[in-house]
Amino acid sequence: MPSEAMWRSFFRPAEALRALGLRADAGNVVDLGCGYGTFTIPAARIVAGTVHAFDIEPSMIQATVRKADAARCLNVRPYLRDFVTDGTGLADSSVDYVMLFNLLHAERPEQLLDESRRVLVAGGRLAIMHWNHDPTTPRGPPMEIRPRPGDCARWAAAAGFRIVCAHIDLPPYHYGVIAARN
């Protein structure tokens with residue numbers, strides 16, 4: 001991960017969450033790969049439910065906890081966990097919204113999508129965000145493994161999601177896809 005200040009410059013979190021359909025009535029939320037809490041804290045300010053924040057890196061969980069404490073977001077629940085290998089450990093159909101941001105370049109994206117579907121309630125929303133397929137972006141995975149919006153939408157549909165919006169521009173460097181659990 002780059003420095004937090006640099007990382008923050010890549011996103012407009014509150015705008016992105018609104019564009020990706022996160023609303024106050026969403027209930028419980030999952031942030032897979034919460035990192036510095038870049039999206040966890042804005043999500044916690046939007047919803048009254050719990051924001052389950054997962055990361056494999058202890059320093060990222062610590063950063064998210066510090067930010068949640070500073071923002072007085074009492075609805076953030078951090079998890080130090082390898083959710084790619086072990087899943088989230090959350091109950092089936094227990095959340096309303098899943099944030100899957102900058103992760104679908106993983107070796108087996110279907111695992112992440114299957115876990116997202118498992119924890120979502122019927123009709124729950126999956127928000128996917130990824131780096132634009134553009135070699136001039138300041139970060140992101142190598143171009144040969146960087147998914148395009150159509151890839152993400154196709155994978156989500158194959159995992160049993162209904163595509164709500166196949167492409168949303170999320171400036172300055174990202175795009176989004178919204179899907180719903182059938």
**Asked** How many angstroms lie between atom CD of Q111 and atom CG of D114, to the nearest 0.5 angstrom?
**Response** 8.0 Å
**Request:** Check the pair F101, L20 against side chain to side chain contact (heavy atoms under 4.5 Å, CB included), reporting the backbone distance first and the verdict last.
**Result:** CA-CA 11 Å; F101 295 171; L20 291 168; 3.8 Å; yes
**Message:** Membership question, hydrophobic clusters at under 4.5 Å side-chain separation (ILVMFWY): are F39 and I168 in the same one?
**Reply:** yes
**Prompt:** Is it true that F161 and Y97 fall in one hydrophobic cluster, defined by side-chain heavy atoms closer than 4.5 Å?
**Reply:** no
**W131 side chain near P147 side chain, heavy-atom distance below 4.5 Å** = no
**Asked** Can any side-chain N or O of R81 pair as donor or acceptor with the backbone N or O of G87 at less than 3.5 Å?
**Response** yes
**Request:** Name all pairs fulfilling the ring pair (Phe, Tyr, Trp, His ring centres under 6.0 Å) condition that reach into residues 52-76, sequence neighbours left out, sorted by first residue then second.
**Result:** H52-Y79, F54-Y79
**Message:** Within this structure, what is the CG-OG1 distance for the pair N75 and T50, rounded to the nearest 0.5 Å?
**Reply:** 6.5 Å
**Request:** Could you walk me through whether R148 and H133 pass the side chain to side chain contact (heavy atoms under 4.5 Å, CB included) test, one step at a time?
**Result:** CA-CA 6 Å; R148 296 175 188 269; H133 201 271; 3.1 Å; yes
**Request:** Going by the side-chain contact (heavy atoms from CB on, under 4.5 Å) test, name the single residue among V30, I56, L32 that passes it with F83.
**Result:** L32
**Message:** Test your reading of the model: is there a side-chain donor-acceptor pair from T64 to the backbone of G37, 3.5 Å cut-off?
**Reply:** yes
**Atom of A53, atom of V76 and distance for their closest heavy-atom approach** = CB-CG1, 4.4 Å
**Prompt:** Is the side chain of D96 donor-acceptor paired with the backbone N or O of N28 at a distance under 3.5 Å, no angle test?
**Reply:** yes
**Complete:** Closest heavy-atom pair, R45 versus C73, reported as atoms and distance to 0.1 Å, is CG-SG, 4.0 Å
**Asked** If you measure from CD1 on I41 to SG on C34, what distance do you get to the nearest 0.5 Å?
**Response** 8.5 Å
**Prompt:** If you group Ile, Leu, Val, Met, Phe, Trp and Tyr by side-chain heavy-atom gaps below 4.5 Å, do L103 and L22 land in one group?
**Reply:** no
**Prompt:** Hey, does V98 have a side-chain heavy atom less than 4.5 Å from the side chain of V119?
**Reply:** yes
**Request:** Report yes or no: does S116 contribute a side-chain atom to a donor-acceptor pair with the main-chain N or O of L126 at less than 3.5 Å?
**Result:** no
**Complete:** Here the gap from M129 atom CE to C152 atom SG, rounded to the nearest 0.5 Å, amounts to 11.5 Å
**Complete:** Residues pairing under side chain to side chain donor-acceptor pair (under 3.5 Å) where one sits in residues 172-182, two or more places apart or in two chains, turn out to be N102-H174
**Item:** Electrostatic pair R117:E110 at N-O distance under 4.0 angstrom
**Value:** no
**Request:** Considering non-hydrogen atoms only, spot the tightest contact between Y36 and K67 and give its length.
**Result:** O-CD, 2.9 Å
**Message:** Contact between S59 and I61 at the side-chain level, heavy atoms closer than 4.5 Å - yes or no?
**Reply:** no
**Asked** In Å, rounded to the nearest 0.5 Å, how long is the span from CD of Q62 to CG of L80?
**Response** 9.0 Å
**Item:** Pair T40-D31, side-chain donor/acceptor within less than 3.5 Å
**Value:** yes
**Prompt:** M99 and V29: side chain to side chain contact (heavy atoms under 4.5 Å, CB included), yes or no, with the steps?
**Reply:** CA-CA 8 Å; M99 296 186 283; V29 172; 3.8 Å; yes
**Message:** Run the side chain to side chain contact (heavy atoms under 4.5 Å, CB included) test on L170 and N132 for me, step by step, so that the C-alpha distance in whole Å, both residues' side-chain angles and the decisive distance to 0.1 Å come before the verdict.
**Reply:** CA-CA 9 Å; L170 300 171; N132 288 331; over 6 Å; no
Please tabulate, for side-chain N and O atoms in residues 5-19, each donor-acceptor pair with protein atoms closer than 3.5 Å (sequence neighbours left out).
{"from": "W7", "atom 1": "NE1", "to": "T38", "atom 2": "OG1", "distance (Å)": "3.4"}
{"from": "S9", "atom 1": "OG", "to": "M6", "atom 2": "O", "distance (Å)": "2.5"}

**Asked** Should I178 and L100 be counted in the same cluster of Ile, Leu, Val, Met, Phe, Trp and Tyr side chains packed under 4.5 Å apart?
**Response** no
**Asked** Are L90 and V47 connected, step by step, through hydrophobic side chains (Ile, Leu, Val, Met, Phe, Trp, Tyr) whose heavy atoms are closer than 4.5 Å?
**Response** no
**Message:** Can you tell me how far apart SG (C165) and CD1 (I128) are? Round to the nearest 0.5 Å.
**Reply:** 11.5 Å
**Prompt:** If every non-hydrogen atom of V177 is compared with every non-hydrogen atom of A166, which pair is closest and at what distance?
**Reply:** CG2-O, 3.5 Å
**Asked** Does the R118 side chain pair with the main chain of T88, one donor and one acceptor, at a distance under 3.5 Å?
**Response** no
**Backbone N/O of D82 and side chain of T85: donor-acceptor pair under 3.5 Å** = no
**Prompt:** Hey, are the side chains of P142 and H105 touching, using non-hydrogen atoms and a 4.5 Å cut-off?
**Reply:** no
**Item:** Heavy-atom pair with the smallest gap, counting every atom of I163 and A156
**Value:** CD1-CB, 3.9 Å
